[in-house]
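Whatever order the structure lists ligands and atoms in, that order sets their numbers, starting from 1. Sequential numbering from 1 along the given sequence is applied to the chain's residues.
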Amino acid sequence: MTNDEPVIDAEGLRRTYSGGFEAVRSLSFSVARGELFALLGTNGAGKTSTLELLEGLARPSGGSVRVLGHDPYTERAAVRPRVGVMLQEGGFPSELTVRETVRMWAGCTSGARPVGEALELVGLRRRENVRVKQLSGGERRRLDLATALIGRPEVLFLDEPTTGLDAEGRRETWNLVRELRAGGTTVLLTTHYLEEAAELADRLAILHEGRFAAQGRLDEVVARYPSRISFELPDGYHLGDLPPLGQLGVTGHEVTGRTTRLFTDRLQRTATGLLAWAQAAGVELRGLDARSASLEEAFLEIAGGARKNERDEEGAGVR
Ligand SMILES: Nc1ncnc2c1ncn2[C@@H]1O[C@H](COP(=O)(O)OP(=O)(O)OP(=O)(O)O)[C@@H](O)[C@H]1O
């Protein structure tokens, strides 16, 4: 493969479990060399099912996937040595120490990093003589990461890498992932932490019921959801005193207590119109806040919208 070809390339990828349940429904996406792609989704959305297809742990029921130019399932021997995998559960023998575990892993890997270097990278050097069973949940995640990194992989698959880590541990892992990416490693990670995806991802996708509900750069994903402007009007003023909301480009509004919230797809136009009115009317808009949708709002909209559809369908079934 050339340097311009995607390192991960999925086309119409499907996975149907033996009972007939379709967990992955025609996903198409690609990840370039040195890029970090984050897969977000509600519980059971299909993140792990997808990741396992990319890792070559399962055969797709339909579509195709190439990793480093190879089929990760049928050409596993060509792909595996160049890929690092951090599963949700490492499943290491509990009686081995941290150092023994990483050494055992290094023994199965060609061109492995020195064990000490791998432990240093993930901040486990001080704990190298502790048995796996005595590690905290967060330390086990670090050990999982150390074994994923041991072979200096070109591609890293990280399944919820910071679950169980405290805030400091999460930041440390983010920094390490950033360093690896800066060194040219391609990373695909799944996460439940929206902040993690917003911090790290070059591009991301939100998976819902096996399909992508949104995909792109963070700014592209959130641009599909309305921006909002909130403020308080002074006593004696009401929403009706503003210029016609349609003229301001407002697509929806909400008044809670003293706070007015305007939703808009054209933030600049709405903000300019509102401020011009306030200036002319001599009105002070207290607590004024104007901002684009956040990733959390986009995510909740997708998850909430889908739940509403489910309720509607259930309701329709009862009638
Ligand atoms: N072996 C299996 N047989 C049948 N259904 C399965 C199997 N494994 C997973 N599923 C179902 O497939 C769907 C997707 O599961 P998956 O574990 O990929 O989701 P996920 O997005 O990783 O979820 P989470 O965030 O909770 O880890 C779920 O509805 C799950 O119940």
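Looking at residues two or more places apart in sequence or on another chain, you find a side-chain contact (heavy atoms from CB on, under 4.5 Å) between Thr256 and Glu254, Arg261. For Thr272, the side-chain contact (heavy atoms from CB on, under 4.5 Å) partners at least two apart in sequence or on another chain are Gln268.
With a 6.0 Å radius and a threshold of 12 heavy atoms from other residues, nucleotides or ligands, Arg113 has its CZ atom above the threshold. Heavy-atom neighbours of Arg125 CZ from other residues, nucleotides or ligands within 6.0 Å: above the threshold of 12. No more than 12 heavy atoms of other residues, nucleotides or ligands lie within 6.0 Å of CZ in Arg131, so this atom counts as exposed by the packing criterion.
Residue Ala23 places no N or O, backbone or side chain, under 3.5 Å from any N or O of ligand 1. In terms of polar-atom proximity, defined here as any N/O pair under 3.5 Å, His192 does make such a contact with ligand 1. Among the atoms of Gly41, none of the N or O lies under 3.5 angstrom from an N or O of ligand 1.
Note: Phe37 and Phe212 have tilted aromatic rings, judged against thresholds of 30 and 60 degrees for the angle between ring planes.
In this comparison of Leu53, Thr48, Val24, the heavy atom closest to atom 22 (O) of ligand 1 sits on Thr48.
Ranking protein heavy atoms by distance to atom 28 (C) of ligand 1, first place goes to Gly44 O, 3.7 Å. The shortest contact between atom 11 (C) of ligand 1 and any protein heavy atom is with Phe21 CE2, 3.8 Å. What sits closest to atom 16 (P) of ligand 1 on the protein, heavy atoms only, is Ser49 OG, 3.6 Å. Looking at atom 20 (P) of ligand 1, its nearest protein heavy atom turns out to be Lys47 N, 3.5 Å. For atom 10 (N) of ligand 1, the closest non-hydrogen atom of the protein is Tyr17 CE1, 3.4 Å.
Within a 4.0 Å radius of atom 14 (C) of ligand 1, the protein contributes at least one heavy atom. In this structure, atom 26 (O) of ligand 1 is in close contact with the protein, since a protein heavy atom lies within 4.0 Å of it.
Side chains of Thr191 and Glu196: a donor on one and an acceptor on the other come within 3.5 Å.
Applying the 4.0 Å criterion to heavy atoms of Gln88 picks out, from ligand 1, the atoms 27 (O).
With salt bridges taken as basic N to acidic carboxylate O contacts below 4.0 Å, none links Asp159 and Lys47.
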